[in-house]
**Q** 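One structure, as structure tokens, below. Some questions next.
Protein chains get the first letters and strands the later ones, always in sequence-line order, with residue 1 at the start of each. All heavy atoms count here, side chains included; hydrogens, waters and symmetry mates do not. Just so you know, these numbers come straight off a predicted model, no measurement behind them.
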Number of protein chains: 4
Amino acid sequence: MARTAGSNGTRTLESIRKAGLRLIYRQGYEAMSLRQLASEVGIQAGSLYNHISTKQDLLFDLIRVHMEELIDRLDKTLEGVAGPSDKLDAFIRFHVEYHIARKREVFISYSELRSLEPKNYDAIVELRARYERRLIAVLDDGVAAGVFATADTTVAAFGILAMLTGVCTWFKPGGRMTKDEVIAVYTGLVRDGLARDADKPKAISPPPPPPAGGAPGA
Amino acid sequence: MARTAGSNGTRTLESIRKAGLRLIYRQGYEAMSLRQLASEVGIQAGSLYNHISTKQDLLFDLIRVHMEELIDRLDKTLEGVAGPSDKLDAFIRFHVEYHIARKREVFISYSELRSLEPKNYDAIVELRARYERRLIAVLDDGVAAGVFATADTTVAAFGILAMLTGVCTWFKPGGRMTKDEVIAVYTGLVRDGLARDADKPKAISPPPPPPAGGAPGA
Amino acid sequence: MARTAGSNGTRTLESIRKAGLRLIYRQGYEAMSLRQLASEVGIQAGSLYNHISTKQDLLFDLIRVHMEELIDRLDKTLEGVAGPSDKLDAFIRFHVEYHIARKREVFISYSELRSLEPKNYDAIVELRARYERRLIAVLDDGVAAGVFATADTTVAAFGILAMLTGVCTWFKPGGRMTKDEVIAVYTGLVRDGLARDADKPKAISPPPPPPAGGAPGA
Amino acid sequence: MARTAGSNGTRTLESIRKAGLRLIYRQGYEAMSLRQLASEVGIQAGSLYNHISTKQDLLFDLIRVHMEELIDRLDKTLEGVAGPSDKLDAFIRFHVEYHIARKREVFISYSELRSLEPKNYDAIVELRARYERRLIAVLDDGVAAGVFATADTTVAAFGILAMLTGVCTWFKPGGRMTKDEVIAVYTGLVRDGLARDADKPKAISPPPPPPAGGAPGA
DNA sequence: CATGAATGAGAGTTCATTCAT
DNA sequence: CATGAATGAACTCTCATTCAT
């Protein structure tokens with residue numbers, strides 16, 4: 001049969017992306033075979049190539065689109081918020097909510113970095129750095145305004161991001177804690193961690209080198 | 001993982017473990033071929049089987065040995081320390097130092113969980129939970145003693161662990177921050193985050209469900 | 001090879017034949033993909049099937065049409081020529097000119113014989129034999145008339161044809177030799193080769209078996 | 001079963017080369033599948049890779065070894081022969097005998113040139129040119145000595161080679177003509193073609209450009 | 001204890017071809 | 001008459017693993 005009635009290309013591509021996301025999340029990029037992916041979509045393996053160009057390209061596309069949307073939405077969220085404290089709160093809420101909602105995209109964006117070919121890898125690391133710079137800027141503003149105190153805003157940002165991101169590894173909606181409760185706990189941890197008080201170490205001069213982005217190859 | 005004590009093979013096994021760790025860290029378990037591993041060791045692929053039983057077994061062994069040593073050393077470290085505050089400080093220092101020193105073991109213990117067969121997976125998750133319970137216990141003691149305040153010690157422990165562990169993704173020895181400076185920053189973040197003060201949310205009743213251990217398949 | 005007379009499709013079919021000839025010549029029949037062919041024509045692969053019935057059919061058609069035209073033109077050329085010597089000269093000139101002009105058709109008619117299905121293969125080999133018989137007949141006439149001397153007209157014909165055909169593998173128009181100079185050289189070689197003189201071996205009894213037509217499978 | 005008793009690597013490689021030669025000759029390089037080749041050898045497709053590096057490499061190796069041996073043997077044959085006439089006779093005899101004996105190597109060395117990757121293609125074309133230069137040198141010597149007459153030794157050489165090589169497309173041992181009879185016919189054709197007499201066209205100035213080696217892509 | 005040759009499964013990808021739209 | 005999406009088979013090549021030597 002040449003074409004399953006009622007199907008069409010756009011819908012098939014979306015099925016492929018959705019199934020691909022699920023499988024890469026569950027098994028890893030290397031462990032997912034295109035035959036398995038095709039079977040989930042309900043087509044033959046070869047038919048995938050009417051929609052994607054290579055397996056690598058599918059991975060890159062999934063991660064890139066996710067990162068771009070992450071940044072877009074963050075920008076829209078922070079747009080209407082004024083003052084470092086409120087911006088930090090908004091960032092925390094946004095980050096946690098988005099990372100809970102897009103658990104799988106988030107996960108593969110970290111864990112499959114090493115499966116990306118160099119050119120694609122570079123592109124994603126740059127997107128990631130762009131996102132991190134948003135938080136660093138908020139912290140810098142807060143320090144400048146005297147609301148936050150930290151020895152190094154870049155290191156602090158990495159610490160905060162690692163902690164917040166960690167949530168998506170264990171949070172289960174419908175579990176005993178609501179999303180808002182989690183956010184409250186983390187907001188407390190971060191706010192107090194940055195609270196300005198006398199006995200904090202002062203800044204250790206220039207900011208640290210940017211991280212490799214979690215990629216082990218670096 | 002059979003091992004003939006004292007023989008020449010012990011040295012070969014160690015080479016295999018070392019090269020295997022490096023390759024799995026750099027490329028991932030699925031992406032590492034046994035031919036490649038053998039070539040790094042300087043033998044033929046078939047000869048590996050004089051030292052390991054299967055590829056899966058090599059992975060499991062690398063992770064298990066690491067987890068067991070992690071717990072052992074933590075226990076030895078905490079043995080001589082008294083009081084929740086000092087224990088927390090000791091935990092932070094130990095965790096960061098160990099995670100910096102064993103960067104690769106740590107990384108694959110998280111990232112390759114999903115490559116473990118169910119039986120092996122369960123064994124590692126149990127070891128991980130055992131380690132986490134050490135920190136939770138410290139926090140519980142602190143809360144009971146009125147030194148720490150947090151709505152939920154389990155959630156707080158996961159947050160702390162995620163943040164501390166994140167360090168190994170970006171810390172570079174010889175970089176602009178020393179290990180001790182990093183530890184100081186994180187100790188500050190955590191201590192302040194747990195500092196007892198009036199406006200903290202109170203505990204939210206029973207503890208949350210245990211995390212799947214970062215394994216997406218769960 | 002269906003063809004709707006006068007329609008737009010005729011032009012498309014001609015494009016397909018022309019592009020197909022070029023691609024088969026350059027890469028070989030097996031190595032040419034229909035997607036590539038379609039892309040050269042500027043249509044989608046599936047659309048080819050509005051003009052050809054199968055890939056095999058396209059190949060067969062290209063070769064058959066070429067062979068039929070070769071024979072037709074030879075017959076028209078020889079029609080007005082009298083005497084074995086002049087006929088031989090005319091044959092040489094015709095063969096070389098045609099083989100230079102239709103370099104690609106000639107080439108694939110030899111090299112892709114083995115890509116033809118048995119039925120198609122047989123049809124082309126028969127056409128080729130028909131062409132060869134034209135030259136053999138000229139030689140036979142010459143021998144009968146005492147103008148040519150050769151031990152075996154069939155073998156001689158194959159030798160002459162191989163030599164003349166070889167020209168299309170290296171001749172470049174606009175190169176240092178003109179077409180006429182090449183023809184002169186070859187005419188000299190052949191004429192002298194067949195020149196009647198005393199020390200030639202006499203005919204070795206009946207003619208040899210017909211060649212398989214260059215097809216190795218035979 | 002890991003290894004069929006009594007077999008060994010060298011013998012397997014020879015089987016592969018032999019079967020590969022047969023299959024490429026019969027069907028063409030593109031049309032021969034490695035599964036088919038493996039099946040003829042009596043092993044699995046993957047096992048081929050214990051002996052060859054790629055399919056392309058097998059083809060290149062078959063042609064290269066053939067060309068090198070062709071040149072080697074020609075040199076040994078001509079070594080003990082003096083004078084252009086005898087050298088030409090020896091060349092003709094050698095060429096025809098070798099081309100009859102190595103029918104298949106000869107055929108694929110021509111027909112599969114276009115299946116070679118550029119680097120391999122260049123290497124073979126150079127070997128071929130080296131062989132052709134041997135004949136051109138003989139002709140040049142003959143012309144210089146006044147024994148041969150031809151307008152252009154390079155063109156003549158190509159003509160002679162094409163004619164002689166053509167023999168391998170139709171000669172069948174055990175057919176009605178013996179090898180020696182064929183050689184006699186061709187020696188006669190060539191000798192007479194080069195015979196020095198008054199009415200030959202004189203040399204047409206410098207030699208023509210070397211041919212691309214029959215490769216259609218040129 | 002290492003080697004080299006084998007297995008059998010499976011990888012990603014390409015192919016000629018079909019056909020509803 | 002063209003398109004785009006599908007099929008199912010085939011492709012070259014890699015893999016973990018085995019085992020006679």
**Q** Once rounded to the nearest 0.5 Å, what's the spacing between atom CG of C:L113 and atom OG of D:S111?
**A** 11.5 Å
**Q** When rounded to the nearest 0.5 angstrom, what is the spacing between CG in D:L34 and CG in D:L48?
**A** 6.0 Å
**Q** Quick one: A:N50 CG to F:dA5 P, roughly how many Å, whole number?
**A** 7 Å
**Q** Tell me the interatomic distance from B:L48, atom CG, to E:dA2, atom C1', rounded to whole angstroms.
**A** 11 Å
**Q** CD of C:E30 versus C1' of E:dT14: gap in Å, rounded?
**A** 13 Å
**Q** Measuring to OP1 and OP2 of F:dG4, would you say a side-chain N or O of A:H51 lies under 4.0 angstrom away?
**A** no
**Q** Quick one: on DNA chain F, does B:L34 or A:S47 contact a more 5' nucleotide (nearest heavy atom)?
**A** A:S47
**Q** For D:R22, is there an ion pair with D:E40 - N to carboxylate O distance below 4.0 angstrom?
**A** yes
**Q** What is the separation between atom CD on C:Q44 and atom P on F:dC1, rounded to the nearest whole Å?
**A** 17 Å
**Q** Reading DNA chain F from 5' onward, which residue's closest nucleotide shows up sooner: D:S33 or A:G42?
**A** A:G42
**Q** Between A:Y49 and C:M32, just flag the one whose closest nucleotide in DNA chain E comes earlier from the 5' side.
**A** A:Y49
**Q** Could you give the CG-to-C1' distance, from A:L37 to E:dG12, as a whole number of Å?
**A** 12 Å
**Q** Do the side chains of A:R11 and A:E14 get close enough for a salt bridge, i.e. N-O under 4.0 angstrom?
**A** no
**Q** With a distance cut-off below 6.0 Å to the six-membered ring centre and an angular limit of 45° from the axis, does C:R64 pair with C:F60 as a cation-pi contact?
**A** yes
**Q** Wobble G-U and Watson-Crick pairs count when both distances are under 3.5 Å; given that, what is the 5' to 3' dot-bracket string of DNA chain E, with | for pairing to other strands?
**A** .||||||||||||||||||||
**Q** Taking atom types as they are modelled, would you say the side chain of A:R35 forms a donor-acceptor pair with the base of E:dG12 within the 3.5 Å cutoff?
**A** yes
**Q** Looking at A:Y29, is A:K55 sitting on its ring face, NZ or CZ under 6.0 Å from the six-membered ring centre and within 45 degrees of the normal?
**A** yes
**Q** Specify the separation, in whole Å, of atom NZ of A:K55 and atom C1' of E:dT14.
**A** 17 Å
**Q** Can you tell me how far C1' of E:dG8 sits from CD1 of D:I43, to the nearest Å?
**A** 13 Å
**Q** To the nearest Å, how far apart are C:Q27 CD and E:dC15 P?
**A** 10 Å
**Q** Pairing donors with acceptors under 3.5 angstrom, does anything connect the side chains of C:S115 and C:E112?
**A** yes
**Q** Using only side-chain N and O atoms of A:T12, determine if any of them is under 4.0 Å from OP1 or OP2 of F:dA6.
**A** yes
